[in-house]
Amino acid sequence: MTGVGIEHIGFIGLGRMGRPMAARLYEAGYRLTVADAAPDVAEGFVTDHPKAVAAHTVDAYRTVDALILMLPNSAVVESVLEGDAVAEALRPGTLVVDMSSSEPLRTRALAERLAARGLRMLDAPVSGGVRGAVAGTLAVLVGGEETDLAEVRPALQRLARTVIPVGPIGSGHAAKALNNLVSATTISVTVEALRLGERFGIPPETMTEVLNSSSGRSNTSENKVAQFMISGSYDSGFALHLMAKDVGIAVDLACELGQATEVADGVARQWRRIATEVTPQTDHTAMYELIGGDR
């Protein structure tokens, strides 16, 4: 059963996160019109979900009640909505929901331009990775009007364990970047502590037990070190490049707001440097191996 007012959803971006999210909306009974920049991806989704429709032109979006975007960054979001004229095809009053990891101030500016066209916008980035997208256990961080969130909340709850309103438009993207800044910082310092302990003679397994029994405990020490780092699997489902991008968004926002971030600046330098040394497929938990080579 779908939410009141939202029956037909356009979904653009069927990557590792977007595809399982769109699939959950389909299984919940929403009418879907889907698209992806990669050739044949939308058609493949329709093959597996026969009642969905692949959008071949912008006219396919004229009847949607809401448009969800799950794209790499602000530049791609703007290109799709404005460069590809998708926004021009939407009916006045249509709700645009950007679930990408975009830049907060660019999101605010985009929302103003969309409002001039009579369109509403929420930013609703997610935390929880591919596993959360598949299981429907994401956290959705929403910026925008409460009335707009109330309209689309039933759909978002099909994707998430938690839907958190965090403030005006752009706040969701800010909160996502800041959350990942904290996560990346915790990973960096945890790995450095493990390496220091190992050099002194404390096995990483023992040091992890110490952290998890003491004040150094964190999501990293509890849910990433043994499972993905020490094991060497490095397959948590979230790319190192994406984490570096989000950290960059956070420190760039600090610069734009005139806020000093001494620790965050150092973390950003480290993640940006290491991101240049690995492939886009490298998992962020591989920092355990990559920082290990630092001197």
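Keep in mind that the numbers below use all heavy atoms, side chains included, and drop hydrogens, waters and symmetry copies.
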W271 side, atom CH2; T185 side, atom OG1 - distance, nearest 0.5 Å:
9.0 Å
Would you find more than 12 non-hydrogen atoms of other residues, nucleotides or ligands less than 6.0 Å from R269 atom CZ?
no
Check each of T162, V163, L122 against L156 using the side chain to side chain contact (heavy atoms under 4.5 Å, CB included) test, and report the only one that passes.
V163
Would you mind checking if E277 and R273 are paired as a salt bridge, meaning a charged N to carboxylate O distance below 4.0 Å?
yes
Hey, are D98 and R106 close enough for a salt bridge, meaning a charged N less than 4.0 Å from a carboxylate O?
no
Less than 4.5 Å apart, any side-chain heavy atom of V210 and any of I202?
no
Using the rule that Ile, Leu, Val, Met, Phe, Trp and Tyr join whenever any side-chain heavy atoms are under 4.5 Å apart, tell me whether L141 and M121 fall into a single cluster.
no
dist L178:CG -> K176:NZ (nearest 0.5 Å) comes out at 11.5 Å
OG of S79 to CG of N73, rounded to nearest 0.5 Å, is 10.0 Å
Given 3.5 Å as the limit, does a donor-acceptor pair link the side chain of S213 with the main chain of E209, or not?
yes
Of the non-hydrogen atoms in D84 and V80, which two are nearest, and what is the gap between them?
CB-O, 3.3 Å
In this structure, CG of D252 is separated from CG of L105 (nearest 0.5 Å) by 10.0 Å
Look only at the side chain of S100 and the backbone of L71, and say whether a donor-acceptor pair between them is shorter than 3.5 Å.
yes
Under the side chain to side chain contact (heavy atoms under 4.5 Å, CB included) rule, what do E82 and L110 come out as? Steps first, then yes or no, please.
CA-CA 9 Å; E82 299 175 311; L110 175 60; 3.8 Å; yes
Student check: side-chain heavy atoms of L253 and H173 closer than 4.5 Å:
no
Distance-only, no hydrogens or angles: does the T282 side chain make a donor-acceptor pair with backbone N or O of T279 under 3.5 Å?
yes
If you draw a 6.0 Å radius around CZ in R62, do more than 12 non-hydrogen atoms from other residues or ligands fall strictly inside?
yes
Common cluster, V58/L95, ILVMFWY with side-chain heavy-atom separation under 4.5 Å:
no
Give, for atom CD1 of I187 and atom OG1 of T220, the distance between the pair rounded to the nearest 0.5 Å.
4.5 Å
What's the verdict on side chain to side chain contact (heavy atoms under 4.5 Å, CB included) for H241 and V278, showing C-alpha distance, side-chain angles and the deciding distance?
CA-CA 8 Å; H241 276 205; V278 300; 3.8 Å; yes
Shortest non-hydrogen separation from I169 to A111 and the atoms involved
CG1-CB, 3.7 Å
Are any side-chain N or O atoms of S221 and backbone N or O atoms of R217, one a donor and one an acceptor, separated by less than 3.5 Å?
no
Examine distances only and state if a side-chain atom of D265 and a backbone atom of V251 form a donor-acceptor pair shorter than 3.5 Å.
no
Cluster question for you: counting only ILVMFWY and a side-chain heavy-atom cut-off of under 4.5 Å, with indirect links fine, are M243 and V225 together?
yes
With no hydrogens and no angle check, is any side-chain donor or acceptor of S74 less than 3.5 Å from a backbone partner on E103?
yes
Hey, are D283 and R16 close enough for a salt bridge, meaning a charged N less than 4.0 Å from a carboxylate O?
no
Tell me the closest heavy-atom pair linking D36 and L14, and the distance in Å.
OD2-N, 2.6 Å
If you measure from the Lys or Arg side-chain nitrogens to the Asp or Glu carboxylate oxygens, is any gap between E198 and R195 under 4.0 Å?
yes
For atom CD of Q227, decide whether the heavy atoms of other residues, nucleotides or ligands shown that lie under 6.0 angstrom number more than 12.
yes
Do R117 and L90 make a side-chain contact, defined as non-hydrogen atoms from C-beta onward lying under 4.5 Å apart?
no
Of Y30, F11, Y26, which is the lone residue that meets ring-ring contact (aromatic ring centres under 6.0 Å, His included) with H49?
Y26
Sorted by chain and number, sequence neighbours left out, side chain to side chain donor-acceptor pair (under 3.5 Å) with R120 holds for D148, E151
Using modelled atom types and a 3.5 Å cut-off, is there a donor and acceptor pairing between side-chain atoms of D123 and backbone atoms of G170?
yes
Counting N and O atoms only, with roles assigned by atom type, does the side chain of R131 sit under 3.5 Å from a partner on the main chain of S236, one being a donor and the other an acceptor?
yes
Correct closest heavy-atom pair for A52 and V46 would be O-CG1, 3.5 Å
Dump the intermediate steps for side chain to side chain contact (heavy atoms under 4.5 Å, CB included) on K224 and Y288, then the final yes or no.
CA-CA 10 Å; K224 296 182 181 181; Y288 179 70; over 6 Å; no
Looking at R161 and A139, would you say the former's side chain and the latter's main chain have a donor-acceptor pair under 3.5 Å?
no
Counting only heavy atoms not in E145, do more than 12 fall under 6.0 Å of its CD?
no
I'd like to know whether H8 forms a side-chain hydrogen bond (donor to acceptor under 3.5 Å, both in side chains) with T33, so could you lay out the CA-CA distance, the side-chain angles of the two residues, the decisive distance to 0.1 Å, and finally the verdict.
CA-CA 8 Å; H8 185 184; T33 297; 2.8 Å; yes
Between CG on residue L25 and CG on residue L32, distance to nearest 0.5 Å
6.0 Å
Strictly distance-based, threshold 3.5 Å: is any side-chain N or O of T186 a donor or acceptor partner for the main-chain N or O of V182?
yes
Under the side chain to side chain contact (heavy atoms under 4.5 Å, CB included) rule, what do M17 and M99 come out as? Steps first, then yes or no, please.
CA-CA 10 Å; M17 293 286 291; M99 303 191 78; over 6 Å; no
Quick one: does NZ or CZ of R91 land under 6.0 Å from the six-membered ring centre of Y61, within 45 degrees of the ring axis?
no
